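Here's the structure we're looking at; comments come further down.
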Amino acid sequence: MSMYGRDPWGGPLEICHDSATDDDRSRNLDLDRAALSRTLDETQQSWLLAGPGDQGRKKKRYVDLGCLLVSRKLFLWTLGLLLAAAALAGIAAGIAKAVPRHQAPPAPLDQFTLALRKALMFFNAQKSGKLPKHNNVPWRGDSCLKDGRSDQTSRRDLSGGYYDGGSAVKFNFASAFSMTLLSWSVIEYNAKYEAAGELGHVRDTIKWGADYLLKTFNSTARSIDRLVAQVGGAAMSEGPSQPNDHYCWMRPEDIDYPRPVTECHTCPDLGAEMAAALAAASIVFRDNRVYSHKLLHGATTVWDFARKGGSRQTYSVPRSDAAKFYNSTAYWDEYIWGGSWMYLATGNSSYLQFATDTKLAKNAHIYSRPPNYGVFSWDNKLPGAQVLLSRLRLFLSPGYPYEEMLRTYHNQTSIIMCSYLPNFRSFNRTKGGLIQLNHGQPQPLQYVVNAAFPASLFSDYLEAADTPGWYCGPHFYSIEVLRSFARTQMEYILGKNPLKMSYVVGHGKHYPKRVHHRGASIPKKKGVHPGCKGGWTWRDTKKPNPHIIVGAMVAGPDRHDGFKDVRRNRNYTEPTLAGNAGLVAALVALSGEGHGVDKNTMFSAVPPMFPSPPPPPAPWKP
């Protein structure tokens with residue numbers, strides 16, 4: 001039924017009356033409220049929100065990533081692309097590894113580093129005894145394994161060590177000095193050896209020599225009464241009653257005659273030098289506590305032997321083999337040298353007190369000017385000892401009571417460095433520029449390298465102490481002047497000389513081919529063993545040596561820059577252990593880029609120093 005009325009706005013007003021009862025409307029209203037209060041799932045929501053044409057469409061699926069809701073199809077496509085990209089990257093990396101790389105070549109090594117690597121090989125060629133597997137000198141083999149045992153007075157194992165030069169004699173005085181010099185260079189330039197890839201090599205070289213030195217006396221005892229000074233005979237006479245290492249020309253591997261052992265009972269020079277060698281080596285091997293202690297114990301024992309009271313004389317008694325080849329003129333310089341190394345290795349101040357004693361310095365002729373003043377060598381250790389003690393003053397400055405004597409050593413070192421400069425004419429020079437430290441005598445190069453090493457070292461000391469140079473009288477010279485001296489002398493040895501000759505065998509294109517060396521001059525043939533005189537054919541031939549003794553520095557030119565590549569003339573063509581030790585030390589000091597020494601390793605055993613005040617003045621008396 002409908003009812004009509006009047007709309008206030010002018011139109012009819014229609015009121016519709018539903019036939020449903022009030023109870024039905026109330027019931028339907030309650031159902032609608034319950035439906036609205038229930039949460040709808042995703043499907044129901046899609047039904048409600050879908051348009052009239054959406055009922056037949058396929059439903060999209062989604063992946064809930066926690067903080068993000070993405071389409072499942074998009075997610076799978078993205079994941080597939082990432083996996084494919086990873087697989088391609090792996091394949092590309094594998095191909096890149098398989099294909100040879102074309103990297104930029106490393107910077108070429110400087111000539112000093114190249115020569116250093118060769119110079120160390122000389123020590124491999126000089127080894128005596130049973131050789132290690134990787135000695136890298138194919139023409140050498142085990143030799144003189146019965147040294148010491150065949151001698152009736154010694155009867156101990158003296159195999160090992162190094163042959164001195166072109167023969168098979170083992171001179172312990174020169175050998176000990178060589179090991180001290182090598183150890184000194186390692187302590188100062190450990191990083192340079194490592195950069196050159198030769199640190200392990202030089203440490204093995206030092207250990208081989210140090211192990212032999214420990215055999216030459218009772219190194220486990222607290223006191224001894226003798227030292228072995230030499231193994232082998234060096235008589236030069238033609239036709240001796242017994243074959244010996246100088247008269248015979250044989251490979252060391254073929255030696256079948258008994259080799260004598262020379263001992264000494266009062267030889268402070270040899271004892272002090274051996275103490276220096278073992279003490280310096282103990283610093284090198286400080287990372288091996290047991291071995292370092294063994295070396296230091298041996299150094300202490302042999303030092304006490306050198307300082308033993310009573311009658312003292314040099315080890316090279318008149319008319320002995322040692323007097324002909326390695327004559328020691330005094331033992332006071334070895335006392336200062338050995339005492340300095342013992343102090344650095346132990347930190348015991350009694351050694352420093354001894355090394356800085358004014359009476360000892362006077363006996364060593366520190367205040368005078370002997371002919372060999374400033375010439376560092378196997379005989380004269382004073383220049384090296386003064387450089388070493390100058391280091392102590394520059395870096396630690398121990399003060400009283402050592403300062404006065406240390407200052408004297410420092411001043412003397414400065415004077416020696418001045419004498420190396422051409423302005424002062426203390427030493428003559430050849431026209432080619434080689435300094436004549438042995439005053440024109442034969443075999444000059446061993447003295448030249450032993451000057452180049454401390455010159456480089458002292459300049460590095462000054463630089464480390466923030467000192468730009470030093471005074472020679474009123475004139476001031478920069479440290480670069482000193483380095484230039486060392487550099488030019490070494491360049492001369494390596495080939496920058498009038499003959500364009502490299503005096504280091506195997507370095508450069510032009511070097512001596514007829515080196516005075518028995519092992520290098522005789523071919524190695526299986527089953528062929530020339531006797532004592534059988535090798536004379538090879539000694540006298542003008543043909544080049546069949547073996548190249550790489551790294552050997554020969555004796556050198558004469559005072560006119562002349563050189564004779566003749567095997568029988570040892571004054572030109574014989575290399576020596578001490579000469580090559582100085583060569584190695586000088587080369588490593590100049591090698592690589594930059595300068596600098598290891599300031600702290602040398603003082604690893606030295607306790608902190610607090611300078612003691614000087615004694616008070618005497619009481620005033622009116």
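Remember, it's a predicted structure, so these values are computed and weren't measured experimentally.
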*Residue K308 excluded, over 12 heavy atoms near NZ under 6.0 Å*: yes
_For R559, I'd like to know if atom CZ has over 12 heavy atoms of other residues, nucleotides or ligands within 6.0 Å._
no
*Residue of the set D164, D321, T216 for which side-chain hydrogen bond (donor to acceptor under 3.5 Å, both in side chains) holds with Q230*: D321
*Check the pair W337, W303 against ring-ring contact (aromatic ring centres under 6.0 Å, His included), reporting the backbone distance first and the verdict last.*
CA-CA 11 Å; W337 174 248; W303 174 260; over 10 Å; no
*S459 side chain to S456 backbone, donor-acceptor under 3.5 Å*: yes
*asked:* For the backbone of Y373 and the side chain of H365, can you confirm whether one donor and one acceptor N or O come within less than 3.5 Å of each other?
replied: no
*Measure from NZ or CZ of K599 to the centre of the six-membered ring of F395 and say whether it is under 6.0 Å with the direction within 45° of the ring axis.*
yes
*asked:* What I want to check is whether the side chains of Y447 and Q441 have a donor and an acceptor closer together than 3.5 Å.
replied: no
*State, without any angle test, whether S328 and D269 hold a side-chain donor-acceptor pair at a distance under 3.5 Å.*
yes
_Distance to the ring centre below 6.0 angstrom and angle to the axis at most 45 degrees; does that hold for R391 and Y409?_
no
*Can you find a side-chain donor-acceptor pair between E194 and Y189 that sits under 3.5 Å?*
no
_Residue from L457, I336, L344 passing side-chain contact (heavy atoms from CB on, under 4.5 Å) with L388_ = L344
_Taking the ring centre of each residue, are F177 and F376 less than 6.0 Å apart?_
yes
_Ionic contact status for E198 with K192, cut-off 4.0 Å_ = no
